[in-house]
Amino acid sequence: MRTHTCGQLRAEQISQTVKLCGWVDSARDHGGAVFLDLRDRYGKTQVVASPEGGDSLVQAASRLRSEDVIRVVGRVEQRPPGTVNTKLPTGEIEVRIQELEVLNKSKTAPFTPGQADLPNEDLRLKYRYLDLRRPQMQKTLLLRSRMLEIIRAYFAERQFVDVETPFLGRSTPEGARDYLVASRVFPGRFYALPQSPQLYKQILMVAGYDRYVQIARCFRDEDLRADRQPEFTQLDLEMSFVDAEDVIGMIDGLIARLAKAVLDIDLALPLPRMTYDEAMARFGHDAPDLRFGMELVDCTDLARVCEFRVFRQATDTGGYVRGINAQGAASQFSRKRLDELTEYVKQDFGARGLAWFRVESEGKLWSPIAKNFPDSWLAELAERMQASPGDLLLFVADRWDVTCKALAGLRKRLGSELKCYDPAQLHCSWVVEFPMFERDQEDERWVAMHHPFTAPRPQDLPLLETEPARARAQAYDLVINGSEAGGGTIRIHDHHLQQRVFDLLGIPPELAEERFGFLLDALQYGAPPHGGIALGIDRCVMLFSGRDSIRECIAFPKTQRAMDLMTEAPGEVDGRQLDELGLRVLPMI
RNA sequence: GGGGCCGUAGCUCAAUUGGUUAGAGUACUGGACUGUCGAUCCAGUGGUUGCGGGUUCGAGUCCCGUCGGCCUCGCCA
């Protein structure tokens, strides 16, 4: 039907007769001549209907509207002097229409790809096919496609085996909420869609496929966020006879290749590392944004010797007083905005409050609470915070975890609002040596921080039963611009150690046997040492393309309530389907 | 489950302290125009202000509820 695409024609094709197909992007009707911008995913080309082609041609062209699909046959011509469009790669030429065929007339669209203002997101999602016509969306999906191409090539070159694992598996006791699929053959029994192919890839290691890779779809029935969708794509891989360094090195190479190919950025390897403890101390977060400073400063020792009731109450009960210095920000934060920040740390992180000081000329600290402190103490605080005139100091006095969350939240918010970094910059690093376990506040038990198959550091083995809180895992997270882009661990390959960890997590042997019996069995049949990692592909595309929502990087994403506005999934089903599955829907109260 | 923002013409938005007939741009329809490229010019159509209730002489505006979208805490091994 066509000889060229709409982004292809240049001066070299002048005087050739060509056939183009595409969507009418815009039409400019001058009565005598009609100019049309014809669009496809490759670009735009101006095609012209003029009286030389006949009155009926001009009439037909004047009836065309945005998003009509047409085919034209015509001659490529040099544009007259002064009418070259330098904004278009094809702007030097135009196609003089000889034949015009309307392949499909479009209804007037609720919005068009060319319009200046982006419509609301719900409308974009309902008419996703229109939204996906926008060059911006096409650019992002093409970038995603290219990244996947590079990833597949990278691992193919390194003898990785691509193995597909089941979608229909069984529910796991820990982790995220599962999406369930009812079994027809076994009424009352359910498959679970995979949260990740974790167990299968470990089994593949036991089976001797010592380098496994898969671009795997994963499902988690949890609440959504700007960077979280209920179904998402992971680059999942696993390797045998490796340690953490081997896996990290493998991913270093991949990230560097992607950065070079996609953004033309040369990343220095190896990517920087930081331990979990250091990340929490310096940034209050296990995925710190290292594009800017504003590090957390511990002032607990100073607080302990002051008389200010709020600080003393925190330190006397084993809490901490930590702060950040928003350099030069004092004048930008009115009383009202500081109240907003206070409300933010209270509401979002459960902090009891926010103490703040403005650094005045001569370096004196001013604050409504300053009268609670002697000048010498304030001077010491200013020095600790490396305060300069014009700075804004913010402090949270609370439990360790609250100071972490609140200050990390403030740091992220202020870093963005104060433009502390170049949004186009790409900063990749690793956070390593995560704790093996964390305390479940409600149930008063230990839960695996990563997952229950994570191997502790060999030197921490004795701590498992004595001081589980201090045991560190052979775990590593890839952090890009303050986002967790992926994470992995070296796995337990010893059956006895796996049992010990299950015991510690309070998973009874019978339950472990029921849920993971096949893995525990497999570990006894010659399981090699192994480990791996999974990267969130959607998130990586988001970070590499500089978008701020994962939905912009997924062709057909779901809303915050996990609905697909185009297909209106989830939908109701026929009573007969429920009968076959032995299911009955209860009325919701 | 909690907190916040938003919902006005097909679309993007405006509408003074609660005050006359809810406006603009764009799209759409009709007309003019042979060099535009966000074409231009003229005219026109288009509204249950998401929905329901309340307060008021009077509600797009205030209050309550509800539906939908977004951000976020919890949650996400």
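Every chain is numbered from 1, with letters handed out A, B, ... down the list of sequences. No experiment lies behind these values; they were computed from the predicted model shown.
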Requested in this report: Provide the distance between the two P atoms, one in C11(B) and one in U49(B), to the nearest whole Å.
Outcome: 15 Å
Query raised in the report: What interatomic distance, in whole Å, is found between C1' of U40(B) and the corresponding atom of U34(B)?
Result: 14 Å
Requested in this report: May I ask you to check whether F167(A) and F219(A) place their ring centres under 6.0 Å from each other?
Outcome: yes
Please list every donor-acceptor pair under 3.5 Å in which a side-chain atom of residues 394-408 of chain A meets a protein atom from a residue at least two apart or in another chain.
| from | atom 1 | to | atom 2 | distance (Å) |
| --- | --- | --- | --- | --- |
| D398(A) | OD2 | R352(A) | N | 3.2 |
| R399(A) | NE | D401(A) | OD1 | 3.0 |
| R399(A) | NH2 | D401(A) | OD1 | 3.4 |
| R399(A) | NH2 | D401(A) | OD2 | 2.9 |
| T403(A) | OG1 | R322(A) | NE | 3.3 |
| T403(A) | OG1 | R322(A) | NH2 | 3.3 |
| T403(A) | OG1 | W400(A) | O | 2.7 |

Query - CG on L519(A) to CD on Q498(A), rounded to 0.5 Å - result: 6.0 Å
Requested in this report: Take R220(A) and E222(A), measure what salt bridge (charged side-chain N to carboxylate O under 4.0 Å, His left out) needs, and give me the verdict at the end.
Outcome: CA-CA 6 Å; R220(A) 293 177 191 176; E222(A) 297 291 349; over 6 Å; no
Query raised in the report: How far does the C1' atom of U55(B) sit from the matching atom of G47(B), given to the nearest Å?
Result: 25 Å
Report summary line: Residue set satisfying side chain to side chain donor-acceptor pair (under 3.5 Å) with R63(A), at least two apart, ordered chain then number -> none
Query raised in the report: Relative to the ring of H451(A), is the ring of F453(A) parallel (under 30°), tilted (30 to 60°) or perpendicular (over 60°)?
Result: tilted
Requested in this report: Report the distance from atom CD of E67(A) to atom P of A27(B), rounded to the nearest whole Å.
Outcome: 13 Å
Requested in this report: Determine: side-chain N/O of R28(A) to OP1/OP2 of A39(B), distance under 4.0 Å, yes or no.
Outcome: yes
Query raised in the report: In the structure shown, which nucleotide is the Watson-Crick or G-U wobble counterpart of C28(B), with both distances under 3.5 Å?
Result: G44(B)
Query raised in the report: Where along nucleotides 28-35 of chain B does protein come under 4.0 Å, by heavy atom, of base (B) or sugar-phosphate alone (S), with - for untouched nucleotides?
Result: SS---BBB
Requested in this report: On RNA chain B, check which nucleotide each of Q115(A) and E121(A) is closest to and give me the residue with the more 5' one.
Outcome: Q115(A)
Query raised in the report: Taking RNA chain B as the partner, which of residues 548-559 of chain A come within under 4.0 angstrom of it by heavy atom?
Result: R551(A), T559(A)
Report task. Hey, could you give me the NZ/CG distance between K201(A) and D236(A), rounded to the nearest 0.5 Å? Result -> 3.5 Å
Throw together a table of side-chain donor-acceptor distances under 3.5 angstrom for residues 471-479 of chain A, partners on residues two or more places apart or in other chains.
| from | atom 1 | to | atom 2 | distance (Å) |
| --- | --- | --- | --- | --- |
| R472(A) | NH1 | A469(A) | O | 3.2 |
| R472(A) | NH2 | D277(A) | OD1 | 3.0 |
| R472(A) | NH2 | D277(A) | OD2 | 3.2 |
| Q474(A) | NE2 | P456(A) | O | 3.1 |
| Y476(A) | OH | T489(A) | O | 3.1 |
| Y476(A) | OH | G532(A) | O | 2.9 |

Report task. Among the candidates U12(B), G38(B), C70(B), find the nucleotide nearest to the side-chain atoms of P119(A). Result -> U12(B)
Query raised in the report: With a 4.0 Å cut-off, would you call E67(A) and R65(A) a salt bridge?
Result: no
Report task. Measure the distance from CZ on R177(A) to P on G74(B) and round it to the nearest whole Å. Result -> 15 Å
Query raised in the report: What are the residues of residues 122-136 of chain A, sorted by number, that bring a heavy atom to within less than 4.0 Å of RNA chain B?
Result: D122(A), L123(A)
Requested in this report: Using a heavy-atom cut-off of under 4.0 Å over every strand shown, decide if T172(A) touches base, sugar-phosphate, or nothing.
Outcome: nothing
Query raised in the report: Which whole number of Å gives the distance between the P atom of A15(B) and that of U72(B)?
Result: 28 Å
Query raised in the report: Is there any ring pair (Phe, Tyr, Trp, His ring centres under 6.0 Å) pair reaching into residues 33-53 of chain A, and which pairs are they, with sequence neighbours excluded?
Result: H30(A)-F35(A)
Query raised in the report: Say you pick atom C1' in G38(B) and the same atom in U26(B); how far apart are they, in whole Å?
Result: 10 Å
Query - Side-chain heavy atoms of I324(A) within contact of L414(A), under 4.5 Å - result: yes
Report task. Calculate the interatomic distance between R561(A) atom CZ and C71(B) atom P; express it in whole Å. Result -> 14 Å
Query raised in the report: When rounded to the nearest Å, what value does the distance between P atoms of C67(B) and U20(B) take?
Result: 33 Å
Query raised in the report: Now, which nucleotide makes the Watson-Crick or G-U wobble pair with G65(B), with each of the two distances under 3.5 Å?
Result: C51(B)
Report summary line: Rounded to whole Å, CG of L36(A) lies from C1' of U36(B) at a distance of 11 Å
Query raised in the report: Roughly how far apart are F437(A) CZ and L504(A) CG, rounded to 0.5 Å?
Result: 4.5 Å
Query raised in the report: Paired with A9(B): which nucleotide, if any, by Watson-Crick or G-U wobble criteria at under 3.5 Å for both distances?
Result: none
Requested in this report: Any strand is fair game: report the nucleotide pairing with C70(B) by Watson-Crick or G-U wobble, both distances under 3.5 Å, or none.
Outcome: G4(B)
Query raised in the report: Would you say the side-chain atoms of Q214(A) and T165(A) include a donor-acceptor pair closer than 3.5 Å?
Result: yes
Requested in this report: Return each pair, listed once, that meets salt bridge (charged side-chain N to carboxylate O under 4.0 Å, His left out) where at least one residue sits in residues 224-234 of chain A; pairs must be two or more places apart or across chains.
Outcome: R217(A)-E231(A), D227(A)-R539(A), E231(A)-K558(A)
**Report entry** R134(A)/D131(A) ion pair, N-O < 4.0 Å
**Finding:** yes
Report task. Give the rounded distance in Å between these two atoms: NZ of K107(A) and C1' of A27(B). Result -> 15 Å
Report task. Pull out every residue in residues 216-229 of chain A that has a heavy atom closer than 4.0 Å to any atom of RNA chain B, ordered by number, or say none. Result -> R220(A), E222(A), D223(A), R225(A), A226(A), R228(A)
Query raised in the report: Is the phosphate of G38(B), meaning OP1 or OP2, less than 4.0 Å from a side-chain N or O of K87(A)?
Result: yes
Query raised in the report: Tell me the salt bridge (charged side-chain N to carboxylate O under 4.0 Å, His left out) pairs involving residues 338-350 of chain A, sequence neighbours left out?
Result: none
Query raised in the report: Within the structure shown, what part of the strands sits under 4.0 Å from K44(A) by heavy-atom distance: base, sugar-phosphate, or nothing?
Result: nothing
What protein N or O atoms touch nucleotides 4-7 of chain B N or O atoms at under 3.5 angstrom, if any, and at what distances?
none

Requested in this report: Classify the nucleic acid contact of L118(A) as base, sugar-phosphate or nothing, counting any heavy atom under 4.0 Å across all strands shown.
Outcome: sugar-phosphate
Report task. Examine distances only and state if a side-chain atom of D564(A) and a backbone atom of A569(A) form a donor-acceptor pair shorter than 3.5 Å. Result -> no
Requested in this report: Between U16(B) and G10(B), how far apart are the C1' atoms? Round to whole Å, please.
Outcome: 29 Å
**Report entry** Sequence-distant partners of R28(A), side chain to side chain donor-acceptor pair (under 3.5 Å), two or more places apart
**Finding:** S26(A), D37(A), Q46(A)
Query raised in the report: Base, sugar-phosphate, or nothing: which does P452(A) touch, judged by heavy atoms less than 4.0 Å apart?
Result: base
Requested in this report: Indicate yes or no for a side-chain donor-acceptor contact from Q115(A) to the backbone of T112(A) under 3.5 Å, with no hydrogens or angles considered.
Outcome: yes
**Report entry** Donor-acceptor pair present, D348(A) side chain and C73(B) base, under 3.5 Å
**Finding:** no
Report task. Give the rounded distance in Å between these two atoms: CZ of R547(A) and P of C71(B). Result -> 14 Å
Query raised in the report: Taking the same atom, C1', in G69(B) and in G50(B), what whole-Å distance lies between them?
Result: 11 Å
